[in-house]
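Note sheet for the following structure.
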Amino acid sequence: MITAYHHAGFAAPLGDHVMPMRKFQLVAEAVRVAGLARVEAPAPIDEAALGRVHTEAYRTAVRTGEPRALAESQKFPWSPALYPSVLLTNGGLLAAARRALAEGAAAALASGFHHAHADHGEGFCTFNGLVVAADALVHEGAAARIAVLDLDLHYGNGTASLCGARPHLYNCSIYGNDYHANTPYKDVSVRRHEDGPNHRSYVLPNGSGRAAVLDALEEGTGELLAWGRPDLVLYQAGADPYREDPYSPLALDHDDLRERDRWVFAWAQRHGLPVAWVLAGGYTPDVSKVVGVHVGTFEAARAVFA
Ligand SMILES: [Zn+2]
């Protein structure tokens, strides 16, 4: 059975915020009740692991709340509860990555990673747990090459910015027509971008459905394997491409997203690649529809890995 890492402390108290923090707990309960996963609590990430990716000034700001503009650069209202919660979400991702290396697949019921840069946060992402986990695994000799497969609606700009200095890391970002500030690529008629030897991105035009996503996955994973065979894939299983999401211009329903996830897991299994996934994005006001996308990812995993 898949292990899913969850901790009640993942959810920092944000008040009335567009980011539905309670989805973590709802997904944990849903997959446990449905017998889709064994839920375990992770340890917080250690500060040395954060320090390999994020500057001391930024880490200090998130811990202390000062300077406030930097502490809130990810657009969360700062409170003393923020730092412990992001230590836990980043620790959850690392625990899932280690478990995937041992067992082939695992999940962390956390999100908020791919927009975070070395020296500041963006877009509800405080620390970039994807890169923190990758660097930790390389540091401890558990893996040499890690690929991020990012299917959040939004372009993974933080991960992209961190790839440059990390030849052990590859980032593939397949995103919706991103009219927000996250992408430097404003001409959406250009479908594919190559930022360097270890980063590719592919834009899905407005209205894209299942076929467009699977085509982009085919191309993106092909280029990923041309970079080299990773020891581990970190999968951003975004719920914000869902057609009712307020940010989404795509035409993907629950079945389409479950099929996307099944495709990713079948690809990973076919190539013998361990995969750890996280719950990216998801802002549909009816949170049960967000939870439905994330539970669908577990159903896809069970179909492939059972
Ligand atoms: Zn997103």
Side-chain angles (χ1 to χ4, degrees), residues 1-12 21 23-32 35-54 59 62 81-114 116 125-150 152 158-159 162 168-169 230-238 261 264-265 268 273-280 294-295 297-298 301-302 305:
M1 184 179 281
I2 296 284
T3 299
Y5 288 91
H6 173 260
H7 193 294
F10 279 2
M21 283 285 180
K23 84 173 183 181
F24 304 143
Q25 182 71 41
L26 293 172
V27 174
E29 287 168 9
V31 298
R32 186 166 39 213
L36 289 165
R38 167 195 323 118
V39 180
E40 293 188 10
I45 198 93
D46 72 66
E47 301 195 355
L50 276 188
R52 291 188 196 99
V53 177
H54 294 287
R59 286 181 284 126
V62 175
L82 176 65
Y83 190 65
S85 78
V86 290
L87 293 185
L88 280 170
T89 55
N90 281 257
L93 205 172
L94 178 57
R98 288 194 178 118
R99 184 62 72 111
L101 284 171
E103 297 183 356
L109 307 183
S111 65
F113 304 114
H114 73 157
C125 299
T126 307
F127 296 132
N128 197 313
L130 303 157
V131 183
V132 170
D135 281 14
L137 294 171
V138 169
H139 178 77
E140 66 196 37
R145 299 158 73 82
I146 288 114
V148 174
L149 183 56
D150 189 339
D152 189 87
T159 312
L162 292 163
H168 57 273
L169 184 66
D231 299 311
L232 174 70
V233 175
L234 300 176
Y235 175 34
Q236 283 258 106
D261 297 333
V264 168
F265 293 137
L273 307 175
V275 58
W277 79 89
V278 297
L279 315 181
H294 294 312
V295 171
T297 308
F298 280 85
R302 181 170 64 181
F305 296 117

Item checked: Non-hydrogen atoms of Gly129 and Asn90 that approach each other most closely -> CA-OD1, 2.9 Å
Checklist line | Flag side-chain contact, heavy atom, 4.5 Å: Phe113 against Asp152 | finding: no
Next item on the list: Evaluate the ring planes of Phe24 and Phe10, with Trp represented by its six-membered ring, and classify them as parallel (under 30°), tilted (30 to 60°) or perpendicular (over 60°).
Entry: perpendicular
Next item on the list: Of all the heavy-atom pairs spanning His7 and Ala41, show the shortest one and how long it is.
Entry: CD2-CB, 4.1 Å
Notebook entry, point to check: Can you tell me if Ser111 uses its side chain to pair, donor with acceptor, with the backbone of Leu279 under 3.5 Å?
Noted result: yes
Next item on the list: Give, for atom CG of Leu169 and atom CZ of Arg145, the distance between the pair rounded to the nearest 0.5 Å.
Entry: 10.5 Å
Next item on the list: Give, for atom OG1 of Thr89 and atom CG of Leu109, the distance between the pair rounded to the nearest 0.5 Å.
Entry: 12.0 Å
Notebook entry, point to check: Would you find a donor on one side and an acceptor on the other, under 3.5 Å apart, between the side chain of Asp150 and the backbone of Gln236?
Noted result: no
Next item on the list: Measure across Ala100 and Pro274 and return the closest heavy-atom pair with its distance rounded to 0.1 Å.
Entry: O-CB, 3.3 Å
Item checked: Min side-chain heavy-atom separation Val278-Leu234 under 4.5 Å -> no
Notebook entry, point to check: Can Phe127 and Val62 be said to form a side chain to side chain contact (heavy atoms under 4.5 Å, CB included), step by step?
Noted result: CA-CA 9 Å; Phe127 296 132; Val62 175; 3.9 Å; yes
Next item on the list: Please round to the nearest 0.5 Å and tell me the distance separating atom CZ of Phe265 and atom OH of Tyr235.
Entry: 6.5 Å
Item checked: Heavy-atom closest pair, residues Gly158 and Asn128 -> C-ND2, 3.7 Å
Notebook entry, point to check: Taking atom CZ of Arg59 and atom CG of Leu87, what is their separation to the nearest 0.5 Å?
Noted result: 10.5 Å
Item checked: Heavy-atom side-chain proximity of Glu103 to Ile2 below 4.5 angstrom -> no
Check: Which heavy atom of His294 sits nearest a heavy atom of Ala280, and at what distance?
Finding: CE1-O, 3.6 Å
Notebook entry, point to check: Within a strict 4.5 Å, meaning less than it, do heavy atoms of the Glu40 and Arg99 side chains meet?
Noted result: yes
Check: Nearest heavy-atom pair of Ala116 and His54: which atoms, and what distance?
Finding: CB-CE1, 4.2 Å
Check: Can you tell if the side chain of Phe298 reaches within under 4.5 Å of the side chain of Asp261, non-hydrogen atoms only?
Finding: no
Notebook entry, point to check: Is there a side-chain contact between His168 and Asp135 (heavy atoms, below 4.5 Å)?
Noted result: yes
Item checked: Leu137 and its side chain to side chain contact (heavy atoms under 4.5 Å, CB included) partner, picked from Asp231, Val132, Leu94 -> Leu94
Next item on the list: Can you measure from NE2 (His6) to CG (Leu88) and round to the nearest 0.5 angstrom?
Entry: 10.0 Å
Give every donor-acceptor pair under 3.5 Å between a side-chain atom in residues 44-51 and any protein atom, sequence neighbours left out.
unit_1 : atom_1 : unit_2 : atom_2 : d
Asp46  : OD1    : Ala48  : N      : 3.0
Asp46  : OD1    : Ala49  : N      : 3.0
Glu47  : OE2    : Tyr83  : OH     : 3.1

